[in-house]
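See below for the structure under consideration.
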Amino acid sequence: MAKHSLRRLLGLIPTLLLLLTVAFFLIRVAPGGPFDAEKALPPEIQANLNAKYHLDESLLQQYFRYLGQVVSLDFGPSYQYKDWTVNELIAQGFPVSLTVGLTAIVLAFFVGTMLGIAAALRQNSTVDYSLMGFAMLGISIPNFVIAPILILLLAVYAGWLPAGGWDWGVPSMVLPIVTLALPAIAYIARITRGSMIEVLHSNFIRTARAKGLSESIVIRRHALRPALLPVISYLGPAIAGMISGSVVIERIFSIPGLGSYFVQGALNRDYTLVMGVVIFYGVLILVLNFLVDLLYAWLNPKIRYDQKR
Amino acid sequence: MKSSTKSQAPLLEIKDLNVGFDTPEGEVHAVNNLNFSIKAGDTLAIVGESGAGKTQTVMAALGLLAENGHASGQAIFKGNDLLQMSAAELNRHRGREIAMIFQDPMTSLNPYLRIDKQMIEVVMHHQGLNKNQAREHAVEMLRAVRIPDPERRIRQYPHEFSGGMRQRVIVAMGLLCEPDLLIADEPTTALDVTVQGQISHLMGALRDNSNTAIILISHNLGVVAGLCERVLVMYAGEAVECGSVEQVYYDPRHPYTRGLLESVPRLDRPEEQGLNSIPGNPPNLLTLPAGCKFRDRCPEASDACREKPPMQLDDQRHAWRCILGGDT
Amino acid sequence: MTKNAEQQLVDPFEAALGVSDVKGRSPWEDAWHRLLKNRAAVYSAFIMGFMVLLVVFGPMLISWESDFTDWDYTSSPPSLESGHWFGTDAVGRDILVRTLEGGRISLLVGLVATIVSLVIGVSYGATAGYFGGTADRMMMRVVDIIYALPFMFLMILLMVVFGRHILLIFVAIGAVNWLDMARIVRGQTLSLKNTEFVEAARACGVQDWAIIRRHIVPNLLGVVIVYVTLTIPQVILIESFLSFLGLGVQEPMSSWGALVSDGAQDMESAPWTLIVPSVFLTVTLYCFNYIGDGLRDALDPKDRL
């Protein structure tokens, strides 16, 4: 297990390197330097600035300097927010984004699996069909469509919840979290239903039933874990999807999270900020995927066994 | 609970059992008007081609049919009809009094749970033993089926066992509660010949020691001959012949039984005689013909076979469903 | 597990299915019949066909130009009298025409980007699967590495760096989406190569190209069709996402995502500006997902429990 984890962890390095490289060179081939947008600067100031940001060095030097910086977790100053470093911006925005994202993924996991199991146990019934119809709708309605509609209905018309903003109070969290969780709930419900039905048809479930165990024990003890394995492996993509979803959600609900900074940065061509967020989220996704992988292996004795050999 | 005499009321009596499956193509008639019974300590073999309804017969009795399946008739176990029972009532019998050993050892154990957990849950559930007692009991049972080093092996997962070992685990699991009726569905098909013998020997010992009744489903006529007293031959969901092993093997009355026996390779038959096989295929279970189901493949068929043949019975409890055979 | 589940269902019918008086049907016919029985998929296909016609020909039939600003009717609700059946936006542009023209872009992106991902994915995956061995391992390792990248962010970075251009959107989305296709095609090719029927064909002396044409391609076609149908809505969604953030297509061009974004700005005063493009977008995605689902069930019966 430990050996496998280490190997998986080392396997992340090429991806990470690729991410850094792509991000770095994309920025560097971008038309115009970061200070071109400002009014024309006197040549000596330009040179000074370039020296300060090491833009006078060769591309390769800059690349390795940047790598070094990133490894020491320093994303440099923001071009746009002049008094802030990218690190400070991330430190400010991330806790908000994390709260929303984490709650949403937990919510999606529990609600999604429960709906999926409910549908699987009543396969081909009205309950099943309506749940799956809603799940399909949940998959098909984009975040940025459902969010304004919910705001319109629950905030503007009904006035139950705030239409946006963030004050760390529960009411301000409800809509963003629910909107972010909805597509994942739908996906997880579909996956759970499919795998649960498949597991319930497997021979070892028949064995368990033949033992005279009650159906609820059969499901909890024998069917639940194998049925949830596909959901666990979906958690990786789900997390990635939520992180990109958070970008649009934070914008719609005016939440001061990392995604908001990112979009602002992107629209203002704040290269260091954009790159910092891309790398930060890239690493986060990699690490979370790695953890999901470990969880999957831990839940699946067959994989554990294969690794031991 | 256990009785030592063989002459008493049947343990399990199947009466007019019909099993059907709804499919997009129509209803599949898997078992049709089946009747048989088995007493404590008896060993009954059900033989026939795949699709003859052997497995579905016992599945119906145990309430384990697939969702699109339905059964009618009666399956009376110790005086109560299994087919009429609620899931909860059925669960009082399943596993405790009726144990089932399934066909495929590779997939019949839960790959996500250790063997101990899968074994002790049966005992804890039915006999109310605590965890340690249950584990001890399970270890003993594993030892009884000749699994080496059972204390260590019981903590392993199914994929750490070979096919033969898994089948032994399954057999041990079936025997844990000392059932009155053991149903074994092709318990040895997936195994090596040597292991086949061991498993079959094991079941024989169980029957002799604790008077367990055994229903063995098999198409291996050799294993059947070694273990069983009575044989039920099924064809297209119907019983076509039933009798003692001697009667059925040495004096088969139904042409299908004869064909089945002749298609077994035998060393004591001259080589030039070759291996016989029954021409044609079993009938479509969606649209079963009226009359004798074997008619189209039967070398001795006549116009009279268009009527449903009666069950003939001689005074030796040998029965067959054919208009012929009475005079031999 | 699937196999056993299948086995369990099939067992009782074994005899029934193996018999001569059940009429023989090719797998494609079979799949077609299964698809036709899937009502959700059939309705979706009809709606989608109608949607395509509407988007392509609709703007020609409506008397409004998409950039015409009708100052008499700014932010006017849907009405028959004004001639703006689905209302107008804040500067008096007809919502229906804008939505239909936006739909052209959205559907076009869906189509073109899917073709890009199809071409890259199938050639890459088939090559890896066909050669197998080291080449396959290396190629798939590359896919794994790329797969772990946070795409939405890279795409946004791409848009920031190169500016918003519709061609770039096509290529970027397509180039990002080929990974799944490559994996699926590779897996399928690899397993097909080792199936008994291909080996049997090879043993019988059937030529390579004939094996590819008769065995590999038809068997690959199924998964590719299914996957293409599922990729189109994904791509449309990505484009709308970018456009919603203001990083997709640029004015005066529009797409559903951009229109939803505009509508969300004015939704309190003119909710129809949000609702109309939202409905078009959602219905399209919904239909594509149902068609993809139906195709998968039809072409891959082992999942149809």
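Basis for what follows: all heavy atoms, side chains included, without hydrogens, waters or symmetry-related copies. Naming convention: chains lettered A, B, ... in sequence-line order (proteins, then strands); numbering from 1 in each chain.
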Problem set entry | Test ring pair (Phe, Tyr, Trp, His ring centres under 6.0 Å) applied to A:Phe204 and A:His222, step by step | CA-CA 8 Å; A:Phe204 64 85; A:His222 289 273; 7.1 Å; no
Problem set entry | Side-chain heavy atoms of B:Met173 within contact of B:Val122, under 4.5 Å | yes
Problem set entry | Interchain contact, A:Ile205 with chain B, by part (heavy-atom threshold 4.5 Å) | neither
For this session: Please find out if less than 6.0 Å separates the ring center of A:Phe94 from that of A:Phe280.
Result: yes
Seminar exercise, completed: Heavy-atom closest pair (B:His70 atom, B:Phe21 atom, distance to 0.1 Å) is NE2-N, 4.4 Å
Exercise. Does a side chain donor of either A:Ser216 or A:Arg220 reach within less than 3.5 Å of an acceptor in the other side chain?
Worked result: yes
Exercise. Counting a contact as any heavy-atom pair under 4.5 Å apart, which residues of residues 125-137 of chain B contact chain A?
Worked result: B:His125, B:His126
Problem set entry | salt bridge (Lys or Arg N to Asp or Glu O under 4.0 Å) partners for B:Glu121, two or more places apart | A:Lys211, A:Arg221
Exercise. Between B:Leu62, B:Ile98, B:Leu109, which has the largest tally of heavy atom pairs under 4.5 Å with chain A?
Worked result: B:Leu109
Exercise. Charged N to carboxylate O below 4.0 Å: is that the case for B:Lys78 and B:Asp180?
Worked result: yes
